**Student:** 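The structure is given below, and queries will be raised subsequently.
Quick caveat, the model's predicted, so the values are computed rather than measured. Every number for a ligand or one of its atoms is a count from 1 in the order of the listing.
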Amino acid sequence: MTIRAAIVGPTSYTGLVLIEWLLRHPSIDITYLASQRETLPNIADDHPRLRGRCELQCQPIDAAAIAQAADVVFTCLPHVVAMEYVPALLDEDLKVIDLSADYRLADAAAYERVYGRPHADAGNLKHAVYGLPELFAADIAEAQLVANPGCYPTAATLGIAPLLQRSLVQPTGIVINAASGVTGAGRSPKPNLHFPEVNEGYVAYAPGVHRHQPEIEQTLTRVKGEAVSTLFVPHLLPVNQGILETIYLDPKDDDVSEEELFDAFDDAYGDQPFVRVRRDLPNLKYVVNTNYCDVSVRLVNAGSPQDDSDDAPGKKVVVFAAEDNMIKGASGQAIQNMNLMFGLDMATGLA
Ligand SMILES: NC(=O)c1ccc[n+]([C@@H]2O[C@H](COP(=O)([O-])OP(=O)(O)OC[C@H]3O[C@@H](n4cnc5c(N)ncnc54)[C@H](OP(=O)(O)O)[C@@H]3O)[C@@H](O)[C@H]2O)c1
């Protein structure tokens with residue numbers, strides 16, 4: 001079987017990564033690259049890494065033409081922009097994998113609260129499936145529209161879900177301390193992302209108000225079946241690619257052991273090709289340029305081990321999760337989803 005793939009927004013960072021991985025996929029032909037630009041670029045001029053490997057001329061964003069050429073389309077567009085184009089692509093019976101945030105929050109009112117404008121495609125929003133393959137593979141396989149998860153939410157959800165499912169941790173008071181490389185912010189230049197601003201710095205942003213916090217809570221609440229609340233604090237890390245999250249949780253009770261925490265991870269991910277449960281601590285170096293999310297966990301004393309008073313702070317569960325923001329956090333995960341939507345092994349082309 002050869003699947004014909006189109007990309008809308010191939011001049012993006014995630015578009016570049018998607019093209020590079022799709023070129024290695026045994027069942028894919030990239031047939032249509034769709035750009036908004038008035039002067040349509042050859043993709044190898046825009047992404048010189050592709051010279052000699054993919055030299056397709058970009059075409060206009062025309063849903064009917066894309067449907068003639070392709071079976072599946074990846075939309076690598078900013079949020080708000082994506083939902084302008086997705087309805088026409090779905091009307092053409094294309095399978096759509098949207099890498100933006102436009103179809104991730106199931107509730108249109110929640111979307112408006114978080115993104116500051118009404119959802120423009122509430123009809124299709126109802127049918128979108130959240131594309132985290134480790135949790136929702138069966139739904140993804142049946143979907144026409146997959147909302148590819150955010151980069152930070154992928155690592156956070158994979159790190160927390162098994163512990164909530166086993167009731168080993170409290171569903172409230174979860175603190176997610178996360179750091180991402182600069183490609184996470186996309187390719188458009190911004191003053192705070194200028195090299196001298198980022199290089200050798202390390203800074204938090206949007207503590208408790210980042211748009212990924214409600215996305216993380218939505219998935220964990222669904223998994224747990226009761227309200228889960230988090231405090232998400234992202235940081236900008238002066239590297240190109242990679243996310244590391246350190247997540248602090250309260251154990252359900254005093255009897256929880258580190259072995260039980262690892263058992264929950266081992267059971268959840270033993271059969272999953274792209275989540276590795278590590279006994280050592282995850283490191284960006286082990287995951288960058290791969291589709292893996294590495295997770296680990298420790299049960300630690302929050303206060304002094306000598307403090308055996310009644311009001312001693314007790315123990316904390318600390319989870320560590322690392323991934324490449326543009327691969328497991330975006331384009332690699334999108335290919336995992338495409339594989340499921342076309343009945344392929346989810347690891348095809350991603351090893
Ligand atoms: N970067 C990551 O690590 C990451 C991870 C997970 C999810 N995501 C999400 O994936 C999506 C793409 O992210 P990215 O970082 O790859 O983006 P990016 O590098 O900033 O590129 C944005 C793309 O959208 C196109 N575009 C912008 N405005 C448009 C419009 N009005 N009409 C048509 N095309 C338009 C741009 O085309 P031009 O080149 O012509 O301007 C470009 O191809 C975003 O929603 C992002 O939040 C990103």
Side-chain angles (χ1 to χ4, degrees), residues 6-21 32-43 45-47 49-50 56-63 66 73-86 88-89 96-105 111 114-115 117 120 130-132 146-157 178-190 193 206 210-212 215-216 234 236-237 239-245 284 287-289 291 293 322-337:
I7 301 172
V8 182
T11 52
S12 59
Y13 279 157
T14 54
L16 170 62
V17 173
L18 197 49
I19 292 169
E20 291 199 289
W21 283 76
Y32 197 110
L33 300 178
S35 166
Q36 63 159 348
R37 295 195 194 164
E38 244 173 66
T39 305
L40 291 162
N42 183 298
I43 198 63
D45 289 335
D46 212 73
H47 292 307
R49 282 171 62 85
L50 296 176
L56 284 175
Q57 190 67 29
C58 289
Q59 304 295 325
I61 308 179
D62 173 338
I66 294 171
V73 56
F74 298 89
T75 44
C76 299
L77 301 169
H79 56 267
V80 180
V81 173
M83 63 189 173
E84 287 173 24
Y85 293 102
V86 166
L89 298 167
V96 178
I97 300 167
D98 178 36
L99 278 80
S100 88
D102 280 350
Y103 295 89
R104 293 184 200 150
L105 295 178
Y111 182 91
V114 175
Y115 290 94
R117 63 182 73 199
Y130 191 73
L132 193 58
V146 165
N148 214 58
C151 47
Y152 284 126
T154 294
T157 308
S180 172
V182 186
T183 53
R187 201 177 181 194
S188 309
K190 297 171 192 88
L193 303 179
H210 191 277
R211 62 192 177 88
H212 283 169
E215 181 183 332
I216 295 166
L236 187 63
L237 191 64
V239 299
N240 288 352
Q241 284 167 251
I243 282 178
L244 179 70
E245 302 191 7
L284 291 194
V287 292
V288 166
N289 290 318
N291 194 49
C293 179
E323 63 171 20
D324 187 315
N325 55 293
M326 292 210 291
I327 305 179
K328 182 58 176 160
S331 304
Q333 182 137 272
I335 294 173
Q336 243 183 299
N337 284 319

**Student:** Compare Ser12, Pro153, Ser180 and give the one whose heavy atom is closest to atom 21 (O) of ligand 1.
**Tutor:**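 Nearest heavy atom to atom 21 (O) of ligand 1 lies in Ser12.
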**Student:** Who's the nearest protein heavy-atom neighbour of atom 28 (N) of ligand 1, and how far?
**Tutor:**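 Closest protein heavy atom to atom 28 (N) of ligand 1: Gln36 NE2, 3.9 Å.
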**Student:** Can you find a pair of side-chain heavy atoms, one from Ile243 and one from Lys328, that are under 4.5 Å apart?
**Tutor:**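 In short, these two side chains do not touch, never coming nearer than 4.5 Å.
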**Student:** Is there a donor in the side chain of Thr154 and an acceptor in the side chain of Gln333, or the other way round, less than 3.5 Å apart?
**Tutor:**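 Result is yes, a qualifying pair exists.
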**Student:** Give the numbers and elements of all ligand 1 atoms closer than 4.0 Å to a heavy atom of Gly9.
**Tutor:**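 It comes down to these atoms of ligand 1: 43 (O).
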**Student:** Can you sort out which atoms of ligand 1 are near Met326, meaning under 4.0 Å from one of its heavy atoms?
**Tutor:**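 Result: 3 (O).
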**Student:** Go through ligand 1 atom by atom and flag the ones less than 4.0 Å from a non-hydrogen atom of Ser100.
**Tutor:**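 Those of ligand 1 that fall under 4.0 Å from Ser100 are 45 (O).
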**Student:** Is there a side-chain contact (heavy atoms from CB on, under 4.5 Å) between Glu20 and Leu50 once you walk through the steps?
**Tutor:** CA-CA 8 Å; Glu20 291 199 289; Leu50 296 176; 3.9 Å; yes
**Student:** Looking at side-chain heavy atoms only, is the closest gap between Ile43 and Thr11 below 4.5 Å?
**Tutor:**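 Yes, their side chains come closer than 4.5 Å.
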**Student:** Mind running side-chain contact (heavy atoms from CB on, under 4.5 Å) on His212 and Arg104 for me, showing each step along the way?
**Tutor:** CA-CA 10 Å; His212 283 169; Arg104 293 184 200 150; 3.7 Å; yes
**Student:** Identify the closest protein heavy atom to atom 40 (O) of ligand 1: which residue and atom is it, and at what distance?
**Tutor:**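 Answer, as residue, atom name and distance: Arg37 NE, 2.8 Å.
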**Student:** Near His79, which atoms of ligand 1 are under 4.0 Å from a heavy atom of that residue?
**Tutor:**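 Those of ligand 1 that fall under 4.0 Å from His79 are 45 (O).
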**Student:** Mind checking whether Leu237 and Leu284 have side chains closer than 4.5 Å, heavy atoms only?
**Tutor:**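 SC-SC contact between Leu237 and Leu284 confirmed.
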**Student:** Give the residue and atom name of whichever protein heavy atom lies nearest to atom 15 (O) of ligand 1, and the separation in Å to one decimal.
**Tutor:**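 Checking every protein heavy atom, the shortest distance to atom 15 (O) of ligand 1 gives Gly186 CA, 3.1 Å.
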**Student:** Taking the side chain as C-beta and beyond, is there a heavy-atom pair between Val81 and Ser100 under 4.5 Å?
**Tutor:**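 No. Closest side-chain heavy atoms not under 4.5 Å.
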**Student:** Would Arg37 and Asp46 count as a side-chain contact (heavy atoms from CB on, under 4.5 Å) if you check the C-alpha gap in whole Å, the side-chain angles of each, and the deciding distance to 0.1 Å?
**Tutor:** CA-CA 12 Å; Arg37 295 195 194 164; Asp46 212 73; 2.8 Å; yes
**Student:** Got Ile19 and Pro10 here, is their nearest side-chain heavy-atom distance under 4.5 Å?
**Tutor:**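 Yes - at least one pair of side-chain heavy atoms lies under 4.5 Å apart.
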**Student:** Between Pro78, Gly181, Gly329, Gly184, flag the one that comes closest to atom 24 (O) of ligand 1 by a heavy atom.
**Tutor:**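 Looking at heavy atoms only, Pro78 sits closest to atom 24 (O) of ligand 1.
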**Student:** Any chance you could lay out the side-chain hydrogen bond (donor to acceptor under 3.5 Å, both in side chains) test for Glu215 and Tyr152, step after step, and finish with the verdict?
**Tutor:** CA-CA 10 Å; Glu215 181 183 332; Tyr152 284 126; over 6 Å; no
**Student:** Please identify which atoms of ligand 1 are closer than 4.0 Å to at least one heavy atom of Ala330.
**Tutor:**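 Close to Ala330: 5 (C), 6 (C).
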**Student:** Arg187 heavy atoms, cut-off 4.0 Å: which ligand 1 atoms fall inside?
**Tutor:**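 Atoms satisfying the 4.0 Å criterion: 18 (P), 19 (O), 20 (O).
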**Student:** For atom 36 (C) of ligand 1, which candidate among Leu16, Val182, Leu99, Thr11 holds the nearest heavy atom?
**Tutor:**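 Considering heavy atoms of Leu16, Val182, Leu99, Thr11, the nearest to atom 36 (C) of ligand 1 sits in Thr11.
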**Student:** Do any nitrogen or oxygen atoms of Tyr85 come within less than 3.5 Å of a nitrogen or oxygen of ligand 1?
**Tutor:**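 Between Tyr85 and ligand 1, an N or O pair is found under 3.5 Å apart.
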**Student:** Do me a favour and list the nearest non-hydrogen protein atom to atom 3 (O) of ligand 1 with residue, atom name and distance?
**Tutor:**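 I find the closest protein heavy atom is Asn325 ND2, 2.8 Å.
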**Student:** Is any N or O atom of Thr183, backbone or side chain, closer than 3.5 Å to an N or O atom of ligand 1?
**Tutor:**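 Thr183 vs ligand 1: N/O contact under 3.5 Å present.
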**Student:** As an exercise, identify every atom of ligand 1 less than 4.0 angstrom from a heavy atom of Arg211.
**Tutor:**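 Ligand 1 atoms under the 4.0 Å threshold to Arg211: 47 (O).
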**Student:** Just need the protein heavy atom nearest to atom 23 (C) of ligand 1, so name the residue and atom and give the distance.
**Tutor:**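 Ranked first by proximity to atom 23 (C) of ligand 1 is Cys76 O, 3.4 Å.
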**Student:** Within the 4.0 Å heavy-atom shell around Val81, which atoms of ligand 1 are there?
**Tutor:**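 Heavy-atom distances to Val81 below 4.0 Å select 29 (C), 30 (C), 31 (N), 32 (N).
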**Student:** Is there a side-chain contact (heavy atoms from CB on, under 4.5 Å) between Leu77 and Val86 once you walk through the steps?
**Tutor:** CA-CA 10 Å; Leu77 301 169; Val86 166; over 6 Å; no
**Student:** Count the heavy atoms of every other residue, nucleotide or ligand shown that sit under 6.0 Å from CZ of Arg187, and state whether that count exceeds 12.
**Tutor:**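 It does: Arg187 CZ has more than 12 such atoms within range.
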**Student:** Out of Leu77, Asn148, Thr14, Ile327, whose heavy atom is nearest to atom 44 (C) of ligand 1?
**Tutor:**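 Residue with the shortest heavy-atom distance to the ligand atom: Leu77.
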